[in-house]
Amino acid sequence: MPRLNVSNDFFVRTSDPEHKACVQEILTRVKDNGYVELGTYEGWYCPRCADFKTESEIAEGNTCPIHKIALVRESEENWFFKLSAFQEPLEKLFADNPDFVRPRHRFNEAHAFLSQGLQDVSLSRGKLTWGVEVPWDPEHVFYVWFDALLNYVTALSYARPGDDLTERFWPAQIQLIGKDILKFHTIYWPALLMAAGLELPEHVVVHGFLLMRDADGTEHKMSKSLGNVLDPFQIIDDFGADALRYYCLREVRFGQDGAVSTSGFAARYEGELANEFGNLASRTTAMIHRYRDGEVPAIQPDHAIAQELDPLAAQIEELIDASELTQALDVAWTAVRRLNRYVEEQAPWALAKDDSNAAQLDLVLATLADGLRLIGVLLHPWLPASVEKLFAAIGVDDLALSTARLQPGLVTRVERIAPLFPKPQD
RNA sequence: GGGCCGGUAGCUCAGCGGUCAGAGCAGCGGACUCAUAAUCCGUCAGACCCGGGUUCGAAUCCCGGCCGGCCUACCA
């Protein structure tokens, strides 16, 4: 995780004794509330594997793909969770909270599943040697999802010994998941919380998958076994975690599946990070040094540019609140492009040739200096390490979105800056 | 098999009932020199997967098909 420049507050293991105790307590409550009953699970079973097979795991002729032997129809007595009892409560949840699941197409998918009608689901397993024991029936353990989902809540109670964080952090504002576990988190999970009398998360945000395009033109889910990976550690080693983070959120709309490639990365890294953003920082600091010895004129920045850049922060805030991370980045990037265009429009090198233009040159340099700061504030969520480098060079450190408007006096002096995104040498 | 999602310029994507279908990149032409030969301007570019249907009008809605993705009880 340090290599990705991310951190976690706590790492939950579902084998944690505190977790087991919480799971048992909560599911006992679910049972006491009348949502657990005995039932029978029936499916195709491989005696050699000692396991039931899903339909996708069944090979030609109803055989086990591993052992090549015939599967048998077997049934097992299980405890069941009365999911069907939550048909109406869930329909109301979806009707009242049209952005309970984001983005919209995932909401539709979850809602469509709900509309098909909910069946009760098996809550326990009898033939497993690991898992959380069912307290009222020690021969069974809980089905992994009912154990695992609950860690979102249970971890809060014991992650900080002596300090129960549940009140502070539950209900969660956002739970972020991948699209493959949509059903568990948008149907089973809220139903389970309702059954236990717990509060629901405000939003479940669903991200897509990154796909790689093969030589034959088809797209596949990226996976190590297929060998079609954009190696994240190689990218980090060569270009930094910022670049990887930026690329993934820029190239693929957050929430959708999308294709990534090494050539796509190279194009965005050089074209956008190095040439547009990194070079804007270089040319700006270089000109302030060349024409004003690094001192930023203490004057009000260009009003026309302020009119264009000042509204961006509010737009970005709204998009991020709506989990539209790619669109938000797109808006932030318009500021980079606008300032590069401003440099061309004003041509400071031409202004510098005649002292009678000194006032205008002051204005342009002051605008660029504070514009660079504004851009840093806007881009920090995507490029944290790079923005910190930039801010060190221009002598500021306030990242509050409320400061993302052009103003005088914040950037007083800049240092020349090494390329923020150096290009590979060859 | 069933459910759901997607298939738009060479590439990555936006548009999702109504001007000649858009952006960035790549390509081509030009300007400029402050800068990591970077930037800026202009320009070329598409059977909107295929076939039906609804409509005054569809990339946009409906039906069918093809291709790709995810789920369909134990990694979460």
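Quick note on labels: first sequence line is chain A, next is B, and so on, each numbered from 1. This one's a predicted model, so the numbers in the text were calculated from it and none came from an experiment.
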Identify the nucleotide, in any strand shown, that forms a Watson-Crick or G-U wobble pair with [N], with both distances under 3.5 Å; if there is none, say none.
N      : result
G17(B) : none
U54(B) : none
C11(B) : G24(B)
C4(B)  : G69(B)
G29(B) : C41(B)
C74(B) : none

D302(A) and Y342(A): side-chain donor and acceptor closer than 3.5 Å?
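There is such a pair between these side chains.
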
Decide whether T154(A) and H19(A) meet the rule of one side-chain donor and one side-chain acceptor closer than 3.5 Å.
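Yes, because at least one side-chain N or O of T154(A) sits under 3.5 Å from a partner of the opposite role on H19(A).
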
Using a cut-off of 4.0 Å on non-hydrogen atoms, how would the nucleic acid contact of [X] be classed: base, sugar-phosphate, or nothing?
X       : value
N78(A)  : base
R337(A) : sugar-phosphate
W333(A) : nothing

Of the non-hydrogen atoms in A243(A) and F265(A), which two are nearest, and what is the gap between them?
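Scanning both residues completely, I find the closest heavy atoms to be O-CE1, 3.7 Å.
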
Nearest non-hydrogen partners of V121(A) and Y188(A), listed with the distance:
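That would be CG1-OH, 3.4 Å.
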
From the list [options], which nucleotide is the closest neighbour of the side chain of [X]?
X       : options                : result
E109(A) : C13(B), C4(B), G24(B)  : C4(B)
I181(A) : G24(B), G69(B), A76(B) : A76(B)
E251(A) : C70(B), U12(B), U72(B) : U12(B)

Protein N or O to nucleotides 33-38 of chain B N or O, pairs below 3.5 Å:
from, atom 1, to, atom 2, distance (Å)
C34(B), O2, R283(A), NE, 3.0
C34(B), N3, R283(A), NE, 3.4
C34(B), N3, R283(A), NH2, 2.5
C34(B), N4, R283(A), NH2, 3.1
C34(B), N4, E344(A), OE2, 3.4
A35(B), OP1, R290(A), NH2, 3.3
A35(B), O2', N279(A), ND2, 2.3
A35(B), N1, R283(A), NH2, 3.3
A35(B), N3, N279(A), OD1, 2.9
A35(B), N3, R283(A), NE, 3.3
U36(B), N3, F421(A), O, 3.0
U36(B), O4, L420(A), N, 3.2
U36(B), O4, F421(A), N, 3.1
A38(B), OP1, K423(A), NZ, 2.7
A38(B), O5', N275(A), OD1, 3.4
A38(B), O5', K423(A), NZ, 2.9
A38(B), O2', N275(A), O, 3.2
A38(B), O2', N279(A), OD1, 2.4
A38(B), O2', N279(A), ND2, 3.4

Does the side chain of R341(A) get closer than 4.0 angstrom to OP1 or OP2 of C41(B) through an N or O atom?
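R341(A) to C41(B) OP1/OP2: side-chain N or O found under 4.0 Å.
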
May I have the distance from L368(A) (atom CG) to C40(B) (atom P), rounded to whole angstrom?
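Spelled out: CG on L368(A) to P on C40(B) is 13 Å.
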
Take atom NZ of K183(A) and atom P of C5(B), then tell me their distance rounded to the nearest Å.
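Going from K183(A) (NZ) to C5(B) (P), I get 15 Å.
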
Name every residue in residues 84-93 of chain A that has at least one heavy atom under 4.0 Å from any atom of RNA chain B, in order of residue number, or write none if there are no such residues.
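RNA chain B contact set from residues 84-93 of chain A: none.
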
Can we say E345(A) and R338(A) salt-bridge, meaning some charged N sits less than 4.0 Å from an Asp/Glu carboxylate O?
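Salt bridge between E345(A) and R338(A), a charged N being under 4.0 Å from a carboxylate O: yes.
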
